[in-house]
Undergrad: 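Okay, here's the structure, questions in a sec.
The figures that follow rest on heavy atoms only: side chains count, while hydrogens, waters and symmetry mates do not.
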Amino acid sequence: FPLSFPLAEKTRLYLVALRRHEEGHVLCGRAASEEIEHSFSLMPAAPTCQQLLVVANQMGERILSIYQQKEKDYDIQTKHGITQGALLTP
């Protein structure tokens with residue numbers, strides 16, 4: 001069934017705002033990936049592959065933990081997108 005113009009416009013604006021909010025999560029993920037890649041490029045040599053793997057995993061997990069908290073903070077700050085307009089009201 002066709003939507004009324006006001007409802008269609010509300011839905012369109014909601015989807016634009018939701019995309020903007022989700023793009024914030026994408027940017028956070030990309031930043032985490034770049035930081036992990038950069039930190040790995042600075043890693044010193046290790047005596048064994050196993051030791052290198054342990055250190056790399058620890059570094060990656062530490063960075064991921066930081067960015068997971070940043071994403072939680074982002075959702076708190078934006079009220080899961082509501083402050084960015086991602087709220088569909090009747």
Side-chain angles (χ1 to χ4, degrees):
F1 62 91
L3 297 176
S4 67
F5 177 77
L7 182 56
E9 183 63 7
K10 278 185 176 182
T11 303
R12 185 189 71 76
L13 292 173
Y14 165 75
L15 292 173
V16 167
L18 181 61
R19 180 178 292 274
R20 182 180 324 117
H21 174 74
E22 293 304 320
E23 182 62 26
H25 288 292
V26 169
L27 293 174
C28 191
R30 286 183 184 152
S33 173
E34 290 170 5
E35 188 170 334
I36 289 170
E37 185 176 341
H38 178 71
S39 70
F40 285 179
S41 72
L42 301 176
M43 285 178 57
T48 67
C49 290
Q50 184 60 36
Q51 287 175 328
L52 183 64
L53 180 64
V54 168
V55 172
N57 279 332
Q58 288 172 342
M59 289 174 68
E61 287 175 12
R62 181 186 57 78
I63 293 167
L64 283 178
S65 176
I66 290 167
Y67 280 88
Q68 286 169 342
Q69 186 59 53
K70 286 182 180 193
E71 291 221 43
K72 288 177 186 176
D73 293 344
Y74 173 67
D75 273 334
I76 290 169
Q77 175 189 2
T78 65
K79 296 185 179 178
H80 295 274
I82 291 173
T83 64
Q84 298 165 301
L87 177 65
L88 193 55
T89 59

Undergrad: Only counting residues at least two apart or in another chain, list the ones meeting side-chain contact (heavy atoms from CB on, under 4.5 Å) with Arg20.
TA: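 Checked Arg20 against side-chain contact (heavy atoms from CB on, under 4.5 Å); matches are Val16, Ala17, Gln84.
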
Undergrad: According to salt bridge (Lys or Arg N to Asp or Glu O under 4.0 Å), does anything in residues 55-72 pair up with another residue at least two apart or in another chain? List the pairs.
TA: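 Output for this query is empty, none listed.
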
Undergrad: In Å, rounded to the nearest 0.5 Å, how long is the span from NZ of Lys10 to CG of Leu88?
TA: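 Between atom NZ of Lys10 and atom CG of Leu88 there are 7.5 Å.
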
Undergrad: Say you draw a straight line from OG1 of Thr78 to CG of Asp73; how long is it, rounded to the nearest 0.5 Å?
TA: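 Separation between the atoms: 10.5 Å.
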
Undergrad: Step by step, would you call Gln50 with Leu53 a side chain to side chain contact (heavy atoms under 4.5 Å, CB included)?
TA: CA-CA 5 Å; Gln50 184 60 36; Leu53 180 64; 4.2 Å; yes

Undergrad: Apart from Ile76 itself, which Ile, Leu, Val, Met, Phe, Trp or Tyr residues share its cluster (side-chain heavy atoms under 4.5 Å, direct or through members)?
TA: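 ILVMFWY cluster around Ile76 holds nothing else.
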
Undergrad: Could you go step by step and tell me if Met59 and Ile36 meet the side chain to side chain contact (heavy atoms under 4.5 Å, CB included) rule?
TA: CA-CA 8 Å; Met59 289 174 68; Ile36 289 170; over 6 Å; no

Undergrad: Do any pairs count as a ring-ring contact (aromatic ring centres under 6.0 Å, His included) and have a residue in residues 70-90, sequence neighbours left out, and if so which ones?
TA: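 Found His21-Tyr74, His25-Tyr74.
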
Undergrad: Using the rule that Ile, Leu, Val, Met, Phe, Trp and Tyr join whenever any side-chain heavy atoms are under 4.5 Å apart, tell me whether Ile66 and Phe40 fall into a single cluster.
TA: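 Yes: a chain of side-chain contacts under 4.5 Å links Ile66 to Phe40.
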
Undergrad: Listing request: all side-chain hydrogen bond (donor to acceptor under 3.5 Å, both in side chains) pairs with a residue in residues 29-47, at least two apart in sequence or in separate chains.
TA: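 side-chain hydrogen bond (donor to acceptor under 3.5 Å, both in side chains) check on residues 29-47 returns Glu35-Tyr67.
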
Undergrad: Looking only at atom types and distance, does a side-chain atom of Thr83 sit under 3.5 Å from a main-chain N or O of Lys79, one as donor and one as acceptor?
TA: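 Checking the backbone N and O of Lys79 against the side chain of Thr83, no donor-acceptor pair under 3.5 Å is found.
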
Undergrad: Over all heavy atoms of both residues, which pair between Ile63 and Ala32 is shortest? Give the atoms and the distance, please.
TA: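 Shortest heavy-atom contact: CG2-O, 4.0 Å.
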
Undergrad: Other than Leu87, what residues sit in its cluster of Ile, Leu, Val, Met, Phe, Trp and Tyr side chains whose heavy atoms are under 4.5 Å apart, directly or through others?
TA: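 Leu87 shares its hydrophobic cluster with Ile82.
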
